[in-house]
Asks: 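Take a look at the following structure, please.
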2 protein chains.
Amino acid sequence: MKKLTIKEFARAINMSVSTVSKALRDSHEISSSTKQKVVAMAEELQYHPNPYASSLRRKKSKTIAVILPEVADSFFSLAINGIQAVAEQKGYHVLIYLSHDKYQNEKAFIDDCGSGRVDGVLISVSQETVSASHLRQLQSGNVPVVFFDRSLSGFETASVETNDFECGYIAAQHLLQNGCRNISMLSISGCLSICQKRTDGFLAALEEAISKDETISGSITELGDKHEMAMQQIADVLQNSNSPDGIVASAESVAIQVYLATSKLGVAIPQQLKVVAFSTLETAEILNPSLTTITQPAFDIGKTAAEILFKAIEKPQFTLADEHIILPSRLVKRQSSTGMVFAEMTLSM
Amino acid sequence: MKKLTIKEFARAINMSVSTVSKALRDSHEISSSTKQKVVAMAEELQYHPNPYASSLRRKKSKTIAVILPEVADSFFSLAINGIQAVAEQKGYHVLIYLSHDKYQNEKAFIDDCGSGRVDGVLISVSQETVSASHLRQLQSGNVPVVFFDRSLSGFETASVETNDFECGYIAAQHLLQNGCRNISMLSISGCLSICQKRTDGFLAALEEAISKDETISGSITELGDKHEMAMQQIADVLQNSNSPDGIVASAESVAIQVYLATSKLGVAIPQQLKVVAFSTLETAEILNPSLTTITQPAFDIGKTAAEILFKAIEKPQFTLADEHIILPSRLVKRQSSTGMVFAEMTLSM
DNA sequence: CTGAAAGCGCTAACAT
DNA sequence: ATGTTAGCGCTTTCAG
C-alpha cells in the first residue's frame, strides 16, 4: 500500500486539502458531518498525516526528551513510567537518551534537543555535570527544561526532587538509634546535588549525636564511578582498622555492591554491619537480609515533572523557575538495620 | 538568542544555502577548507539545522521506535541499553513506547509509527497481542520491524530471541535433578510465544522424567495479568492439596511474587520448595535465599535486534524474514534450587 | 462553511 | 566548487 499524502487523500474523497486538514484537526470551521466523513475515510484509506510536515509548519514537535543517566535502575525506570503516563495522555512522544553519567553524552543530546526537535526536556543530570551552559543554550531557544531527581544549582528552572537532606538525616539517625557507633556514608558522587544533600543530612545527624556522645564517630566515602573500583573501595571501608558498624548507601547500585562485598568478606548484616539504602528496589523485601530503604516516590517524581513541563509547553508565559516540588521519601525499616529475626538466629547457633 | 534558519546563517557567513547544507552533510562537492569554515561558524553562531525540515525533505527521520511492555523490568531495561548503544553510534534517536501489555496501546503506538515518524521499529509484543494486522500495516508502509525477545508467529520478519524451549527443559530438569518430585510452571501468559516455548520445554523434561519414574508429577499455571490476582493464584498453588516442591517462574515479576508469597505463607525455600526463575535480576545473588536463574543475554538481545534493524534501514532490499537469531541464556545455579547452605542450617536448628 | 495558495526550513537537482 | 530554485507534505491565512 502506497503512502498517501493529504493531496491524494483529499482528491480521493473529493474534498479540498484544507477541508481535510481542518477536519482532522477538529477545526470549528468545519461542519461535524464533514468531519465525521473525513475521519471515517482517513481510517478506511489509512491516511496518516506526515508528522514532520506538520511539525515543520506548526513549529511544534509533539515530542519531549528525557535525558537520564541510566535506565537499568529501578528509580529511573519507575520515573520513566510516570513520565510516559502523562506524555501518552497528552498525545506526546517520548525520546529517551541515556547519558551513562557522562557529561559529553549529555551535552550532545541536549544540543540535539535544540533546533525544534522537542518541545521540552526532562533531565536528571549526569554525575559529571557541573556547568549549565548546555542547558542555558536550550533555554535561550525557548525549550523548557525541568529537572527531576538530580538538579543543578545555578540554573533557574523547575525541579521535582525528594527531601534528600532530611532523608540523609533520618537514615543516619535510624542507624544510631539501632545501636551503631561508627557510621559511614557511601556516596556515588560529591558533585551531585542530591548526594551532597544526603551527605549533609547524614552529617547533621552525626554531629548532633557526637555532641551528646563523644564515642560516636562517622565518615564519608565518595565512590569512583567504575563498578570495580567502587567494589574495592567498599571492601576497603569494611576492612578498615576502624570499620563502620553502620552504612548509608546513597543509591541502589551502592546497596547491591555493599551486599556483594559483605557476602564475599563474610561480614554479617545486620549483626556486624547495619545498612540503610536510598533505593526503590522491588526486591528490597526479599533480600538476604531484607533491606531497609529510603524509598523515593519515583513514579510520582516522573509524573509531576512531566506535568510541570507540559504546563510550560502549553503556556509559554508559565514561570518554570517558581516551581520547586519536593515529594518526600519514606524510611521503610527492614532487617538490614533492625535485624531482630536474624540476631536471634545467630544467638542460637 | 533567536533560532537561525539555514538562509539566515548562510547570509551571515556569506555563502549560499546549498553550500552550507552540503558542507554540513559532508558532501564531496565541497572543498574541505569550506567545510571546516562552515562547521566552525555553525558552532560559533549556534546554527542547528531543523531536523523536521530535513526529515520532510529526505524522507528519513533518523529515529527508531522501541515498543515494549514495560521498562521497570531488568530484562527490558538492559535490552534498551543495548538498543540505545547502537542507535547512538548510528546517530539515531530512540522513541520509547510502553504498551503495559495492552494490545490497544501497542496498536495505537504502531499506527503512530507509520506515516514516516520512524525509520524502523523494534518490538517486544504485549501479552494480549494475537493478531499481526497492525504490524502488517507498518510493513506495507515500508517500515522495517524487528522482534526482540517476544515475537509473534504468523508474521514474517527478523527476530532476536533466546533459546526458550531449551531453557524450559533445563529448568525443569534442574529441579528434578535436585530432588523435586512435583514441579510446577508458573507462566505469565499462554498466548506469549516465549512462555509457550518455555512451557513446552518444561513439559518435555517432565514427560521424559515421568516415563522413567511414574511417581513424578507436574503442572502448569497461567497467571492472570493483575498483580493481586497472580499473587493469590501463587498462594493457591502453594497451598494446594498436592502442592509442588519445585517451581519454574517464567518471568522476573513471577519470581518476586513467589518469594513474597512463600515468605507470607511460611514456606521455606529451598527446603520445602525449590525455585528457578527466568530473570536477569541484578539482585538474584543477594536474595534470601539467592535465586537460581535462567539468565537471558538481555543487553545483547537488544543490541543485536537494533543492529539487524539498521541493516534493513540502510539497505531496503535486505531480507528481514531470513534473520532469526537465537542468543542462548544460561542457568546460574544458586541456593533457591540447590540450597546446600540453608539445608544444613535448618538441620542444626 | 469550503477552497486556493503561500510558505515552514531544508535538500538536491540543475545551472553556473 | 559554488549558487539558484523547486518542492517535500502540511497548516493557515485569505478569498469566496
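Computed from a prediction, not measured in an experiment: that's the story for all the values here. A note on names: the letters A, B, ... follow the listed sequences, proteins ahead of strands, and every chain is numbered from 1.
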Asks: Round to a whole Å and report the spacing from NZ of A:Lys60 to P of D:dG9.
Replies: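 Between P of D:dG9 and NZ of A:Lys60: 25 Å.
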Asks: Atom CZ of B:Arg57 and atom P of C:dC10: how far apart are they, to the nearest Å?
Replies: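 B:Arg57 atom CZ is separated from C:dC10 atom P by 13 Å.
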Asks: Where the side chain of A:Glu29 is defined as all heavy atoms beyond and including C-beta, which of C:dT2, C:dA13, C:dG9 is the nearest nucleotide?
Replies: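 Among C:dT2, C:dA13, C:dG9, the one nearest the side chain of A:Glu29 is C:dT2.
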Asks: Hey, does the side chain of A:Ser140 reach the backbone of A:Gln137 with a donor-acceptor pair shorter than 3.5 angstrom?
Replies: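 Judged by distance alone, yes, a pair lies under 3.5 Å.
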Asks: For the residue pair A:Tyr92 / A:Asp119, report whether a side-chain donor-acceptor contact shorter than 3.5 Å exists.
Replies: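 Result is yes, a qualifying pair exists.
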Asks: Return yes if some donor-acceptor pair links the side-chain N/O of A:Thr162 with the main-chain N/O of A:Leu327 below 3.5 Å, else return no.
Replies: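 Checked: pair present.
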Asks: Quickly work out the B:Arg58 CZ to D:dG9 C1' distance and round it to whole Å.
Replies: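 About 17 Å, once rounded to whole Å.
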Asks: Looking only at the side chain of B:Ile6 (C-beta and beyond, no hydrogens), which of the listed nucleotides D:dT2, C:dT11, D:dT12 gets closest?
Replies: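 Looking only at heavy atoms from C-beta outward on B:Ile6, the closest nucleotide is C:dT11.
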Asks: Check whether any side-chain N or O of B:Tyr52 sits under 4.0 Å from OP1 or OP2 of D:dT11, and answer yes or no.
Replies: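 Result: no.
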Asks: Starting at CG of A:Leu56 and ending at C1' of D:dT12, how long is that distance when rounded to a whole Å?
Replies: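 Atom-to-atom, A:Leu56 to D:dT12, this comes out as 13 Å.
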Asks: From the options C:dT2, C:dG9, C:dT11, select the nucleotide whose nearest atom is closest to the side chain of B:Asn50.
Replies: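 Nearest to the side chain of B:Asn50 among the choices is C:dG9.
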Asks: Under 4.0 Å between any heavy atoms, over every strand shown, what does B:Thr34 touch: base, sugar-phosphate, or nothing? Just pick one.
Replies: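 Sugar-phosphate only.
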Asks: Under 4.0 Å between a side-chain nitrogen and a carboxylate oxygen: does that hold for B:Glu307 and B:Lys303?
Replies: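 Result for this pair is yes, salt bridge flagged.
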Asks: Have B:His93 and A:Arg117 got a donor and an acceptor in their side chains that come within less than 3.5 Å?
Replies: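 Distance-only check passes for B:His93 and A:Arg117.
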Asks: Nearest-Å distance, CZ (B:Phe9) to P (C:dT11)?
Replies: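 It works out to 13 Å between those atoms.
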Asks: Mind calculating the distance between CG (A:Asn14) and P (C:dC1) to the nearest angstrom?
Replies: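 In whole Å, C:dC1 P lies 20 Å from A:Asn14 CG.
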Asks: Can you say whether a donor on the side chain of A:Ser16 sits under 3.5 Å from an acceptor on the base of C:dA4, or the other way round?
Replies: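 Side chain to base: no pair below 3.5 Å.
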Asks: So does A:Thr19 get a side-chain nitrogen or oxygen closer than 4.0 Å to the phosphate oxygens (OP1/OP2) of C:dG3?
Replies: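 So the side chain of A:Thr19 is within the cut-off, an N or O lying under 4.0 Å from OP1 or OP2 of C:dG3.
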Asks: Reading DNA chain D from 5' onward, which residue's closest nucleotide shows up sooner: B:Ala53 or B:Lys22?
Replies: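 In this pair, the answer is B:Lys22.
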Asks: Measure from the side-chain heavy atoms of B:Ser18 and tell me the nearest of C:dC10, C:dA13, C:dG3.
Replies: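 When the side chain of B:Ser18 is considered, C:dA13 is the closest of C:dC10, C:dA13, C:dG3.
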Asks: Measure NZ/B:Lys59 against P/C:dA12 and give the value in whole Å, please.
Replies: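 Distance check: B:Lys59 NZ to C:dA12 P gives 12 Å.
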Asks: Expressed in angstrom and rounded to an integer, what is the separation of B:Tyr47 atom OH from C:dT11 atom C1'?
Replies: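 So the two atoms are 10 Å apart, to the nearest Å.
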Asks: Give a yes/no answer on whether the side chain of B:Lys7 brings an N or O atom under 4.0 Å of OP1 or OP2 in C:dC8.
Replies: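 For C:dC8, OP1/OP2 do not have a side-chain N/O of B:Lys7 under 4.0 Å.
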Asks: Below the 4.0 Å mark, does C:dA12 have OP1 or OP2 next to a side-chain nitrogen or oxygen of B:Ser21?
Replies: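 For B:Ser21, the contact criterion (side-chain N or O under 4.0 Å from OP1 or OP2 of C:dA12) is not met.
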Asks: By nearest atom, which of the nucleotides D:dG9, C:dA13, D:dT4 is closest to the B:Val17 side chain?
Replies: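 My answer, after comparing the listed nucleotides, is D:dT4.
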